[in-house]
Amino acid sequence: MLNQELADIFLNIAELLELKADNLFKIRAYEKAARNIESLNHDIGEIYKSGGIKALENIPGVGAHTALKIEEYLNTGKIKAFNALKHEFPNNFLKLVEIPGMGPKTAILLYKKLGIDSPEKLEKAIKAGKLKDIPGMGAKKEENILRGIELKKKVHGRFLLDVATSHAELLVEELSKLKVADKILPCGSLRRGKETIGDIDLLVVSSHPARVMDAFVGISAVKDVLAKGETKSSVILQNGMQADLRVVEEKSFGAAAHYFTGCKEHNIHLRQLAQQTGWKVSEYGIFRKDKQIGGETEEEMFSKFGFQFIPPELREMRGEFEAAAKGKIPDLIELKDIKGDLHLHTTASDGANTIEEMARAVKALGYEYILITDHSPSTRVAKGFSAAKLLQQIKEVRAAEKNVAGIRILAGSEVDIKPDGSLDYPDEILKQLDLVIIAVHSSFKMPEEKMTNRIIKAMQNKYANIFTHPTGRLIGEREGYAIDMEKVLQAAKENNVAMEINAHPKRLDLTDVHCMRAKELGVKLVINTDAHSTDQLQLMKYGVITARRGWLEAKDVLNTYSLTRLLQSLK
DNA sequence: GCCGTTTTCGGCCCGACTGTTTTCAGTCG
């Protein structure tokens, strides 16, 4: 939380300095600091507490000045220099710059000439024809800005990973129909598996770029064409999502794939390394003078610099280059490593399918075991049920296991953690279950300390095995409840409770960063779908990609184990 | 503002597309 707050502040400082046309490299420095702070896997408050200002300066991109600002924020809750900077512009002036097509230069120009300080005033001024007399403004530019304002009204922010994935798949399918695209690869944050996606980046290898461009802007899912050039086009899809397509030749495929996958800081770092070697890296390849010496494959983008291959999910400037230099890139978990799903609902509570239907669907995926986990009585909205009904369900689970050959079906429950930290079924009921998942479904607004203690108390119950969707967030809908994740992870370790990575694209919780920390602490993890129907079992891949972003290997995730080993690990 | 087995000062990634420019600035990724 604190990391994100500070990252946002430093990004805002960068934007404000850009409005002031301050030194471009100073602006970059703030952006870099912001991104590095955002991707820290430790709470910045903890870093400061344990190592003081020196520890802050050890964060890459954070120097003496930024460290002082962080210290000020940690101690006082504000940064004076930032507030002063904000006061140089009207309230919410940055909203103007957020409009696609508007940049700092245009925003300042229009503010000085016409006093425009909000998207609303901007829209009015354009429609009243007031921009006509401003040098550098023309009909096309007005049209672009209006379109940007409309887009901003309709699309609020980023898209969920599954939504972006399905749209990318659709575009790939359409482009495949052309016979001139030799390779099509979705890149960008989608390929890195980020929890939300801003736009779709597609890379195409073709010797007929013009035909690819024409086909791309002509796809029926395309609503609007933002730009169409010889090798690069940008469009807006019907759902408001932007998609960018770039065509390169085969010899540049690796360099282009690397470049379009990002992240930005990762790319810049590699380009800087190239400079130091006297080389140049661009999306076209690795060059010595004008001669291409690498970049046809993505592997070369790393091997030429003496690095191990860095999988896309790790390219977030979280130490991947240091690890790759030492040959310490982890052997990341893959979907095929998953042997079971330990969080499933059935028609007994709020699911859509029966125990046997879920079991058969899971078996078809090649898994070896499942855990049935319907809701406990407190979660009335989800049809949570009584202890008596749970005892009945245990019998149904045992019966189902006899009816569906080739898969182990375990009896469990997603048990509510009540506000006082006690569990929603008594121990004598819990002990009859094979495994118990614990969850927070109520009193989300508790203060952090109280919530943290509530969860830790629940973990101390000897029947608690897995803590599901640990922050309770719903991406784009609801913030997670306030918890001290560090303490919760410590408690998970002490009480041998596994932390869940919930694979639902709205949850993806634990997050990647928390996964990294959990692994460091030796906390056990599981990846579950929380499926409420058989088709949701497919969501496992999003949990796996989140685990990969958290540097997890199969051995870190219990449901890659055989059932025997899994049960031994949790008891 | 950050950073350093070529530097504590002098650098700081690289390129595509658009619009209105008369040779390029602004924006974007």
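Note: hydrogens, waters and symmetry copies are ignored here, and every other heavy atom, side chains too, is used. Here is how names work: the chains are called A, B, and so on, in the same order as the sequence lines, proteins then strands, and each is numbered from 1. As the structure is a prediction and not an experimental result, all values here were calculated from the model.
At dA16(B), none of the side-chain N or O atoms of Ser234(A) fall inside 4.0 Å of OP1 or OP2 (strictly under the cut-off).
Among the heavy atoms of the strands, none lies under 4.0 Å from Gly262(A).
Of the nucleotides present, none pairs with dT8(B) by Watson-Crick or G-U wobble criteria with both distances under 3.5 Å.
Residue Glu230(A) places its side chain closer to dC17(B) than to any other of dC17(B), dG29(B), dG15(B). Here the nucleotide nearest the side chain of Asp201(A), chosen from dT27(B), dG29(B), dG15(B), is dG29(B). Residue Thr106(A) has its side chain nearest to dG26(B) when only dA16(B), dG29(B), dG26(B) are considered.
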- Note on the structure: Each nucleotide of nucleotides 6-13 of chain B classed B (base within 4.0 Å of a protein heavy atom), S (only sugar-phosphate) or -, in 5' to 3' order, makes ------BB
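Taking the nucleotide of DNA chain B with the nearest heavy atom to each of Lys105(A) and Thr231(A), the more 5' of the two is matched to Thr231(A). Nucleotides of DNA chain B nearest to Gly229(A) and Glu98(A) differ in position, and the one nearer the 5' end is that of Gly229(A).
Of the residues listed (Thr106(A), Leu109(A), Leu110(A)), the one engaging Leu131(A) in a side chain to side chain contact (heavy atoms under 4.5 Å, CB included) is Leu110(A), and it is the only one.
Nucleotides dG1(B) and dT5(B) have their C1' atoms positioned 24 Å apart, rounded to a whole Å. On the C1' atoms, dT22(B) is 33 Å away from dG11(B), given to the nearest whole Å. When the P atom is compared between dT6(B) and dC2(B), the two are found 23 Å apart, to the nearest whole Å. For the P atom pair drawn from dC17(B) and dC13(B), the interatomic distance equals 22 Å after rounding to whole Å. dC3(B) and dA16(B) have their C1' atoms separated by 30 Å, given to the nearest Å. dC9(B) and dT20(B) have their P atoms separated by 47 Å, given to the nearest Å. Across the C1' atoms, dT7(B) and dC12(B) are found 13 Å apart, a figure rounded to whole Å.
Residues meeting the salt bridge (charged side-chain N to carboxylate O under 4.0 Å, His left out) test with Lys130(A), sequence neighbours left out: none.
Remark: P of dG19(B) and CD1 of Ile145(A) are 11 Å apart, rounded to the nearest angstrom. One can place CG of Asn36(A) at 13 Å from C1' of dC3(B), the figure rounded to the nearest angstrom. Taking atom CE of residue Met213(A) and atom C1' of nucleotide dA16(B), one finds them 11 Å apart after rounding to whole Å. Leu202(A) places its CG atom 14 Å from the C1' atom of dG29(B), with the value rounded to the nearest Å. Rounded to an integer number of Å, the gap from Glu265(A) CD to dG29(B) P is 16 Å. Spacing between atom NZ of Lys152(A) and atom C1' of dC28(B) amounts to 14 Å, rounded to whole angstrom units. We find that CD of Gln292(A) is positioned 13 Å from P of dG15(B), with the value rounded to whole Å. Distance NE2 (His269(A)) to C1' (dC14(B)): 17 Å, rounded to an integer number of Å.
A cation-pi geometry, defined here as NZ or CZ lying under 6.0 Å from the six-membered ring centre and within 45° of its normal, does not hold between Lys69(A) and Phe82(A).
Between Glu316(A) and Arg192(A) there is a salt bridge, since at least one side-chain N of the basic residue sits less than 4.0 Å from a carboxylate O of the acidic one. A salt bridge does not link Glu313(A) with Lys194(A): none of the charged nitrogens is closer than 4.0 Å to a carboxylate oxygen. Salt bridge present: Arg271(A) and Glu283(A) bring a charged side-chain N and a carboxylate O closer than 4.0 Å. Using a cut-off of 4.0 Å between Lys/Arg side-chain N and Asp/Glu carboxylate O, Lys326(A) and Glu322(A) are scored as not salt-bridged. The residues Arg517(A) and Glu520(A) are annotated as salt-bridged, a charged nitrogen and a carboxylate oxygen being separated by less than 4.0 angstrom. Using a cutoff of 4.0 Å between basic side-chain nitrogens and carboxylate oxygens, Lys49(A) and Glu46(A) are scored as salt-bridged. One finds a salt bridge joining Arg315(A) and Glu298(A) here, because a Lys/Arg side-chain nitrogen approaches an Asp/Glu carboxylate oxygen to under 4.0 Å.
Contact check of residues 59-85 of chain A against DNA chain B (heavy atom, cut-off under 4.0 Å) returns Pro60(A), Gly61(A), Val62(A), Gly63(A), Ala64(A), His65(A), Thr66(A). Interface residues of residues 117-144 of chain A facing DNA chain B, ordered by number: Gly136(A), Met137(A), Gly138(A), Ala139(A), Lys140(A), Lys141(A), Asn144(A); criterion, heavy-atom separation under 4.0 Å. Non-hydrogen atoms lying under 4.0 Å from DNA chain B are contributed by nothing in residues 294-325 of chain A. Listed in residue order, the members of residues 7-22 of chain A having a heavy atom less than 4.0 Å from DNA chain B come to none.
Heavy-atom contacts from other residues, nucleotides or ligands closer than 6.0 Å to NZ of Lys124(A) number 12 or fewer. The local environment of CZ in Arg478(A) is crowded, with over 12 non-hydrogen atoms from other residues, nucleotides or ligands closer than 6.0 Å. Counting non-hydrogen atoms of neighbouring residues, nucleotides and ligands closer than 6.0 angstrom, the CD atom of Glu479(A) reaches no more than 12 such neighbours. Within 6.0 Å of atom NZ in Lys506(A), 12 or fewer heavy atoms from other residues, nucleotides or ligands are found, so the atom counts as exposed in its surroundings. Annotation: Glu265(A), atom CD; neighbour count of heavy atoms from other residues, nucleotides and ligands within 6.0 Å is above 12.
Between the side chains of Thr511(A) and His514(A), at least one donor N or O lies within less than 3.5 Å of an accepting N or O. Asp8(A) and Gln4(A) share a donor-acceptor pair across their side chains, judged by distance under 3.5 Å alone. A donor-acceptor contact closer than 3.5 angstrom is absent between the side chains of His504(A) and Gln536(A).
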